[in-house]
Each structure stands twice: as C-alpha cells, then as structure tokens.
Amino acid sequence: MRYLYHTQSDLVMLALVDCNNFFASCEIAFDPTLRNKPLVVLSNNDGCVIARSKEAKNLNIPMGAPIFKYESLFKAHGVKKRSSNFTLYGDMSNRIMAILSKEEFPIEIYSIDEAFLDLSSLPKEKLLSYAKTLRKKIYNYSGISVSIGIAPTKTLAKASNCFAKKKETEHVHLITNEQITEHLKHFLIKDIWGIGRAHLAFLTARGLKTAYDLCQKQDDWIKKHLTIQGLRTIKELLGVKSIDSIDRFCPRKGLLRSSSFGKEIEDYKELEKAISYFCSEAALRLRKEKLTCSYLQVFLHTNRFKTPNFSKSLSLALPFPTQSTRVLTGYALTLLKKIYKPQTLYKKAGVAFGDIQTSTSTQQDLFVKESPKEEKLMKAFDEINARYGKKTLHLASEGSSNSWKPKRVLKSPSYTTSWNEILHIKI
DNA sequence: TCTGGGGTCCTAGGACCC
DNA sequence: TCTGGGGTCCTAGGACCC
C-alpha cells in the first residue's frame, strides 16, 4: 500500500444507511400481493426498469433494461410491473429521513433512499449493535428494510454497505481502519462509488480488478486518467477523508424538468405546451423552496436511438432573478422559437434553471428589477391552485390537451398523499 | 412498435484582455 | 514585417451518481 493513514481518521466513523430496493420496497409495503414476487418498477413512459425486487434481481433483469426486450422473460416468470410513483416514494423517503434525523447524530441526506450518519461519538464496540437496532426501528416504523455500512470515510462506508447488502439477514457491516486493506482486496472496481462505466472499461483493459489493484497506482497516473475526482476516490478508499464528511446544508445549484414524449412530436404548438408545462413545474418548485434563478436553458432532442439524431439547446442569462412562471415561460418560449426546426421529429425536451439563489438573499440589480406585482400575482396563483386543485390556473401556452405526455398505465395509488387514493383494508 | 429523469463536478477549448 | 503568452471567464460535453 502506498499510504498508511491510520492516525488522523481514527476518530471518524461514518454510516451509510441505504434502503434496500427502495422503489420496489415502497410498492410492496402497500400491496402484500407483491411480496416475495419478482417486481419491477418502470421509468416514465413505462419504458425501462428503474428498480427491482430481490426476486427480480435474481432473474438477472438488469437496471435500465428496456422492457420490450424482456417481455417474454416477464411472462415466463410472472414478473409484476408498476409504473413509477414518485409521490409515494418521496413521502416514504421523508418518513425514513425523519426517523434518522431524530437519532441525534449529524446527518446528511444524500439521495431519496440514502443518508450518511456521523457515528464518531459512539464507542467502536457499540457501532454494530447500534446499527442493528436502527435497522429494526426503521423497518417497524416504515416497512422498509435498510442496509447499514460503517467505515472511516464516505467512499469506504459505501463499500461497507455493499458488504452489508450481501449478507443474508443482518445487512450491517463495519470496516475499521485496521481492516481496510483486507477489504480492498475483496472489493471489485466495478462496485467502487465514483468509478462508472467508462473508467471501469479503461481500468479493466489494463488488467485491474480489485480496489486494491487500483490503489497500487501512483497519484499522477490516477489523476491523469480518472481526473481529480478519481484521485479523491482512491484516497478515500485508503482511509483519507477527501470528500466533506457531513454536509448538512448543500443548497441546490440547478433545477431541471424534462421528459420523453409519449410519441414523436413535430408540431410547434405541442412543443410550446410541453416547454410551458416544464417551466411551470420548475418555477413552482423554485417558489416552494423559496429560491430564484437567473439563468435559463431550453433543449430539444430527437430520438437518440435512431440515426441520425441530434439535440439543440440554447441558454440565456436573465436580466433579473425571478421565480415567476409567467416571466420564465416567456423567456423559455422565445428560446424555443430560436432552436425549433420544422419537419423534425422531437422525442424529448426540457428546461433547466441555473444561478439559483435564496429569494431573501437575492442580489437585485440596481436598475433592472422585477415588478413587485409579479410576486403578488404568483402568490395568488399558488394559493388558488392549492385551494382548488393543481392546474386550476395555468398559462394558456400550456394548453389543455397534452398529446406529448408520457404514458404511465401501471401506476399504483398515491396511498399516503391523496385522500382519494388512501389504502383500503378489508377485515 | 417499444429505450427515464434529476442532479453534481470536471475538463477542454474558445473568446477576450493585457 | 514579424510575432507571445498568461490569465480569466464562459460554455459544451462527458463522467459520474441515484
């Protein structure tokens, strides 16, 4: 090993709590008929697989599998399918994160189904028993099973979680400083957090297999071929903190709304409806999070599985920060007009907001300001929609019929967020 | 026929300035 | 007539993550 860093990080222990097969587990928690069955959760448009139950994984259905290629396998094994229900998953995630937040350890919510906890204040001998208790608590409160990996850095905690997931029952694992080398020898490069497809192919072609192999390489070699990010990953694997341990306040930097269409779209008016819809969704999100943006991008893609295909995007720095649906949609539609080409079949479009700031701290330009009326208008707009239902008010450019919208025919009910769809129990 | 969406970070290269 | 290099800023595109 190149480094022996067994001093500075002796005191740090991070746990990664990761929900097992999260989207599939959420569906199963509310529908017992799915229990112990192969289940796949599908992407927008019911196009490909984005989550799998344990049984579906055992059938070697890969992540991202386009379902039209797997229909016969699904039929042969009675694989159940569900469209994705992000309202349900988001709500379940909030519940689990609330349980973790009450644990009184520093926490960083990393994704919809993962959080890091800083357990440095716990004595080493109590780490595993604490993790086991926490797992039980989360399962009892939410019906979701989690894995917990503990180690001195985030990247090692991720690795530790992989070891935890492979266990039959407990799904809890600890890597101490003394055990790092031994673990690296049994940890494959393909499972390293931060090494993706492209770099994996590069490293495999050079005969490297395990994390240990990779750690034998010199820093400048790593940096040259895997960039500075890769070097950070390697250091973390060796027990040296190179990613901020726990970051509780990470404001968002961008906001994107996009989707593939249910069919290919040529009509400009339809694209206008779609872009307007994305803008209104993204702007609503800005207002909910009390943020503004002052950078806007619009993009269009043709079907990327056909040749030739192309994409076009255009962006614009706004004259002032805003969160207004009206203002943002106005600019977005002028951008759309500039990039639209007639006689082209588009398959996907979207808008992205950038230069995001909190609305209270927004630096207003001395002369160019948004009219204060705009803020009042949006407030009234949101209140009416909150009271009388989503989209009671919307911009005319959004239209009322949306032939571009993707299909989601197998969606489960919004059990936890809609009174009309609440779970019924028959006794 | 049918192939996701929402993020972050890094790098290379062009424009521009001195 | 000949000819430069360094710095900054911006953006597109790639790689990675879930």
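What you see is a predicted model, and the numbers here were worked out from it, not measured in a lab. Just so we're on the same page: letters track the sequence lines, and every chain starts at 1.
By the 6.0 Å and 45° rule, A:Lys81 does not stack over the aromatic ring of A:Phe74. With A:Phe202 as the aromatic partner, A:Arg206 meets the cation-pi criteria of under 6.0 angstrom to the ring centre and within 45 degrees of the ring axis.
Contact annotation for A:Lys347: backbone-only contact, meaning every heavy-atom pair under 4.0 Å involves sugar-phosphate atoms and none involves a base. No engagement by A:Ile67 is indicated, since no non-hydrogen atom pair under 4.0 Å with the nucleic acid exists. No contact: A:Ile109 has no heavy atom under 4.0 Å from any strand. Note on A:Ser84: nothing from the nucleic acid sits closer than 4.0 angstrom, heavy atoms only. Nucleic acid contact class of A:Glu114 (heavy atoms, under 4.0 Å, all strands): sugar-phosphate only.
Side-chain proximity of A:Ile228 to C:dA15, B:dT11, C:dC18: nearest is B:dT11. Looking at the side chain of A:Ala198, the nearest of the listed nucleotides C:dC16, B:dT8, C:dC18 is C:dC16. Comparing atom distances between the A:Gln229 side chain and each of C:dC18, B:dG4, B:dC10 picks out B:dC10 as nearest. Taking only side-chain atoms of A:Leu256, from C-beta outward, the nucleotide of B:dG6, C:dC18, B:dT3 with the closest atom is B:dG6. Each of B:dT11, B:dC9, B:dG6 was ranked by its minimum atom distance to the side chain of A:Lys253; first place goes to B:dC9. The listed nucleotides are C:dA12, C:dC18, B:dG4; the one nearest the side chain of A:Tyr110 is C:dC18. For A:Leu255, whose side chain is taken as the heavy atoms from C-beta onward, the closest listed nucleotide among C:dC18, B:dG7, B:dC10 is B:dG7. With distances taken from any side-chain atom of A:Lys348 to the nucleotides B:dC9, B:dT3, B:dG5, the minimum falls on B:dG5. Comparing B:dG4, C:dA15, B:dG6 by their nearest atom to the side chain of A:Ser258 picks out B:dG6.
Applying the 4.0 Å criterion to OP1 and OP2 of B:dG7, one finds that A:Arg252 has a side-chain N or O inside that range. Taking 4.0 angstrom as the limit, A:Lys69 places none of its side-chain polar atoms (N or O) nearer than this to OP1 or OP2 of B:dT3. Contact annotation: A:Arg232 does not reach the phosphate of B:dC9 (side-chain N/O to OP1 or OP2, under 4.0 Å). Under 4.0 angstrom from either OP1 or OP2 of B:dT11 there lies no side-chain N or O belonging to A:Lys224. The phosphate of B:dG4 has neither OP1 nor OP2 within less than 4.0 Å of any side-chain N or O from A:Asn45. Here A:Ser260 reaches the OP1 or OP2 of B:dG5: one of its side-chain N or O atoms lies under 4.0 Å away.
Using modelled atom types, no side-chain atom of A:Lys69 and backbone atom of A:Ala65 make a donor-acceptor pair closer than 3.5 Å.
Base pairing of B:dC18 is made with C:dG5, judged by Watson-Crick or G-U wobble geometry with both donor-acceptor distances under 3.5 Å.
Note: CG (A:Asn303) to P (B:dT1) measures 12 Å, nearest angstrom. We find that NZ of A:Lys158 is positioned 9 Å from P of C:dC17, with the value rounded to whole Å. We find that CD1 of A:Ile189 is positioned 13 Å from P of C:dC16, with the value rounded to whole Å. In this structure, the CG atom of A:Leu314 is 12 Å from the P atom of C:dG13, given to the nearest Å.
The two residues A:Lys235 and A:Ser242 have their closest heavy-atom pair at CB-OG, 3.2 Å.
If you take atom C1' in B:dC2 and the same atom in C:dC18, they sit 25 Å apart, rounded to whole Å.
Both thresholds, 5.5 Å between centres and 30° between ring planes, are not jointly met by A:Phe68 relative to the base of B:dT3, so the two rings are not stacked.
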Would A:Tyr346 and A:Lys312 satisfy side-chain contact (heavy atoms from CB on, under 4.5 Å), going step by step from the backbone distance to the final call?
CA-CA 11 Å; A:Tyr346 292 102; A:Lys312 178 90 184 153; over 6 Å; no

